[in-house]
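Right, one structure below, let's go through it.
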Amino acid sequence: MNGFRVMTSGVILGAMLLSGCSNSSEPDEAQQEKSPVLNENPDANTGETQNAEVIKKGVGDVIQSIKGLESEISTEADSGKIQEMGKEISSTWDSIEKQVEDEYPDWYERIEKNLYPLIGESGNADKDLEKMKRLSEATKEDLQLFLEKVK
């Protein structure tokens with residue numbers, strides 16, 4: 001009786017081990033053809049395309065934040081609100097900054113030439129609103145041009 005249990009346990013254990021090993025006779029390409037997600041749009045599955053989409057969305061968010069800051073500047077809102085908007089711009093830019101720097105170093109430098117002084121000016125106690133208007137316009141223009149270049 002003991003021999004029967006050992007034999008049965010061995011057969012069951014062997015079957016479990018073999019069922020866990022999926023040795024498909026189909027090559028990887030044949031398996032990929034069965035996957036509709038991978039073949040609908042091969043470009044959409046690349047990291048580069050995903051990064052471009054993240055960058056585009058982030059740049060759009062930065063532009064919207066700058067527009068909000070501009071409306072605060074034009075209504076000459078309180079200094080605290082302008083400073084808060086500057087922090088929002090900085091935070092939004094920070095979310096994509098590394099990707100832009102890595103993938104588009106020239107554009108990164110160009111954008112930050114106006115963006116960082118804008119953020120800095122928004123944090124100053126005595127804000128130069130005219131300077132902020134110039135910097136925000138220049139930054140928005142650079143960001144719009146950059147959006148056209150992102151693949």
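Side-chain contact annotation: S65 with E88, donor-acceptor N/O pair under 3.5 Å present. For the residue pair Y108/E103, the side-chain donor-acceptor check at 3.5 Å is not satisfied. Using modelled atom types, one finds a donor on one side chain and an acceptor on the other under 3.5 Å when comparing K127 with S79. Side-chain contact of Q99 with D102: a donor-acceptor pair under 3.5 Å is absent, judged by distance alone.
The shortest distance between side-chain heavy atoms of E101 and E109 does not fall below 4.5 Å. You'll find the side chain of W93 stays beyond 4.5 Å of the side chain of D61, heavy atoms only. Using a 4.5 Å heavy-atom threshold, the side chains of E53 and Q50 count as separate.
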Apply salt bridge (Lys or Arg N to Asp or Glu O under 4.0 Å) to D106 and R110, showing your working. CA-CA 6 Å; D106 293 338; R110 179 175 173 172; over 6 Å; no
Carefully, step by step, assess V59 and I111 under the rule side-chain contact (heavy atoms from CB on, under 4.5 Å). CA-CA 11 Å; V59 169; I111 292 165; 5.9 Å; no
Should E72 and E84 be marked as a side-chain contact (heavy atoms from CB on, under 4.5 Å) after you check the CA-CA gap, both sets of side-chain angles, and the distance that decides it? CA-CA 11 Å; E72 293 297 326; E84 183 181 310; over 6 Å; no
As a quick check of understanding, evaluate side-chain contact (heavy atoms from CB on, under 4.5 Å) for V100 and V150, giving each step before the final call. CA-CA 10 Å; V100 174; V150 176; over 6 Å; no
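Rounding to the nearest 0.5 Å gives a distance of 5.5 Å between CG of L69 and CG of L118. Put simply, NZ on K87 and OG on S122 are 9.0 Å apart, with the number rounded to the nearest 0.5 Å. Once rounded to the nearest 0.5 Å, the distance linking NZ of K81 with CD1 of I73 reads 13.0 Å. One distance of note links OH of Y116 with CD1 of I89; it measures 12.0 Å at 0.5 Å rounding. The CD atom of Q144 sits 4.0 Å away from the CD1 atom of I63 when rounded to the nearest 0.5 Å. For the atom pair K133 NZ and E121 CD, the distance stands at 13.0 Å (nearest 0.5 Å).
The one candidate from I119, L115, V62 that meets the side-chain contact (heavy atoms from CB on, under 4.5 Å) condition with T139 is L115. When M132, M85, E137 are each tested for a side-chain contact (heavy atoms from CB on, under 4.5 Å) with E70, only one passes: E137.
For the residue pair N114 and A138, the shortest heavy atom distance occurs at ND2-CB, 3.4 Å. Of all the heavy atoms in G58 and I96, the pair that sits closest is C-CD1, 3.6 Å.
Side chain of N124 to backbone of D126: no donor-acceptor contact under 3.5 angstrom is found.
Between F146 and W107, the ring planes lie tilted relative to each other; the angle falls in the 30° to 60° range.
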